There are 2 protein chains.
Amino acid sequence: MKTSIPNETIGRLFPYFRALMCLIKEGKDTISSYELADLCNLNPAIIRKDFSYFGDFGKRGVGYNVSNLMNTIRNILGLIPLKRVALIGVGNIGNALLLYPNFELEGFKIVLAFDNQSTKIGRKINGVTIEDVSYLEKRLKSHKIHLCILAVPESAAPVIAHRLAKTGVKAILSFSPCQLAMPDNIKVTCVDLSTEMARLVYYSSREIFSEIRSLQGKTERHKKVSI
Amino acid sequence: MKTSIPNETIGRLFPYFRALMCLIKEGKDTISSYELADLCNLNPAIIRKDFSYFGDFGKRGVGYNVSNLMNTIRNILGLIPLKRVALIGVGNIGNALLLYPNFELEGFKIVLAFDNQSTKIGRKINGVTIEDVSYLEKRLKSHKIHLCILAVPESAAPVIAHRLAKTGVKAILSFSPCQLAMPDNIKVTCVDLSTEMARLVYYSSREIFSEIRSLQGKTERHKKVSI
DNA sequence: ATGTGTGAAGAGCTTCACAGCC
DNA sequence: GGCTGTGAAGCTCTTCACACAT
């Protein structure tokens, strides 16, 4: 077995993919780890190492072929064919997601949307009809859904998450700052804005001190935070 | 100088804070690292270590006083008085943020909101009047803003970010999957949904294999992802 | 010359394990 | 007995530095 792949490496694959899509649009067909590092704000070595976990994609003395690399990464991430996403909760956030124009380019397609408000049920947004959340389980089973996005009020999140787990959903992206207590075989990621805001506030209010420290030649105390 | 504080520790402070608020509501006045670890899905040792960077808050044989600990963490994060936040872009996401009921409990207050659509300018949401983004710089300077939230269309993000930087803003939370290329003294965090979705898809589709691995007694290959 | 792939060194973070205090 | 605080060990991820390919 090859040495295990860092979780961080997986997290960088999609940003690489996005950068490569841009490069294709610009007509560039070869890129070095140094140039890509500039674009992504990373060290070139880590880019080479990231790719090396999956194979030898580059040519020494030349660099990487942009479109080959892009396709390779898309395959590693499994984004072809498009991943089918179900959205639960069509409030402001759910609405924004349904209207987000780039999901399909990026490899995702919202194919189901649910809400519990009768005024919303039956409405169609961007080709997706909002359905009654009562039929959640039935509908999830008939479509093969890869990922559920939970955009319901915080109070409803645990109940829905539990229903999703029971239905066999394997991945949940939640907008509730959760401790959703899911079994280990279900992957959950929470978008926790307050935590990110708190972190930003903490570091930005200490920036004065770290500037002083860096004048003294000490090393940076915190790494640059970027998701 | 004390040993440097891990970035990860800072990222856990707010979840601790939130958990402690809940405990207070439940009337609990003492908690051990073991119980808190259970609530937050962490190892007790890391909780003790996290707190130890800031002082000796616990009593051996007893645990931590819930309300003292909560107040201490709130102070470390600098969340009293409330941090003043400016929101740029009142689309669906901006709207959702303005309506989010818990910000003030959590230490944040949106005091300014901007948009460029004349139909929105002048409207009042949750006590905040939407202003013309033309006056961004002037208004930011007159209020003392700790954090800006960027919820504008992707195409507008770089321009606005640049204007914020020029105005002296120190922290930006952006909803555009960005490489915002800001100077180092400005802290930027991007909420990048597609990257998180890609990560979830990657791991959830490989779950079968890691189950097999764990039957063979090998260690987990990826840590649980939770922001 | 230019730029990849990678072992080894280094940095950062977590967990262990236990002394010390309640 | 119960639980904290912490050095040391262990693990993970990043960076260095250079052999090797074009």
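Because only heavy atoms are used, hydrogens play no part in the values below, and waters and symmetry mates are left out as well, while side chains stay in. Order of the sequence lines sets the chain letters (A, B, ...), proteins ahead of strands, with each chain counted from 1. All figures in this text were calculated on a predicted structure; none of them were measured in a lab.
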Checklist entry - For A:Ser33, which contact category applies under a 4.0 Å heavy-atom criterion: base, sugar-phosphate, or nothing? => result sugar-phosphate

Item to check | A:Pro6 side chain, from C-beta outward: closest of C:dT14, D:dC13, C:dG3 | outcome: D:dC13

Checklist outcome for this item: In whole angstroms, the gap separating P of D:dA9 from CG of B:Asn43 amounts to 18 Å

Item to check | Interatomic distance where CG belongs to A:Asn7 and P belongs to D:dC13 [whole Å] | outcome: 7 Å

Item to check | A:Tyr53 vs D:dC13: side-chain N/O to OP1/OP2 distance below 4.0 Å | outcome: no

Item to check | Pair of N/O donor and acceptor under 3.5 Å linking D:dG5 base with B:Lys59 side chain | outcome: no

Checklist entry - Atom CD1 of A:Ile46 and atom C1' of D:dT12: how far apart are they, to the nearest Å? => result 11 Å

Checklist entry - CZ of A:Phe57 versus C1' of D:dA21: gap in Å, rounded? => result 18 Å

Checklist entry - If you take atom types as modelled and just measure distance, does the side chain of A:Lys49 reach the base of D:dT15 with a donor-acceptor pair under 3.5 Å? => result yes

Item to check | Sugar-phosphate only, base, or nothing, as touched by A:Phe51 at under 4.0 Å among non-hydrogen atoms | outcome: nothing

Next on the checklist: Between the base of D:dT4 and the side chain of B:Arg60, is one N or O donor paired with an acceptor at under 3.5 angstrom?
Outcome noted: yes

Item to check | Ring center gap for B:Tyr16 and B:Phe51 short of 6.0 angstrom | outcome: yes

Checklist entry - Quick one: B:Ile31 CD1 to D:dT4 P, roughly how many Å, whole number? => result 10 Å

Checklist entry - Starting at CG of B:Asn65 and ending at P of D:dC3, how long is that distance when rounded to a whole Å? => result 16 Å

Checklist entry - Under the 3.5 angstrom rule, does the side chain of B:Arg163 hit a backbone N or O of B:Val159 as a donor-acceptor pair? => result no

Checklist entry - Atom CZ of A:Arg48 and atom P of D:dC20: how far apart are they, to the nearest Å? => result 16 Å

Checklist entry - In whole angstrom, what separates A:Tyr34's OH from C:dG3's P? => result 8 Å

Item to check | Identified side chain to side chain contact (heavy atoms under 4.5 Å, CB included) counterpart of B:Leu200 within the set A:Lys187, A:Lys83, A:Lys170 | outcome: A:Lys187

Checklist entry - Taking all atoms of both residues into account, what is the closest heavy-atom pair of A:Leu136 and A:Ile88, and its distance? => result CD1-CG1, 3.8 Å

Next on the checklist: Treating A:Glu35 as the side-chain partner and A:Ser32 as the backbone partner, does any N or O pair qualify as donor plus acceptor under 3.5 Å?
Outcome noted: yes

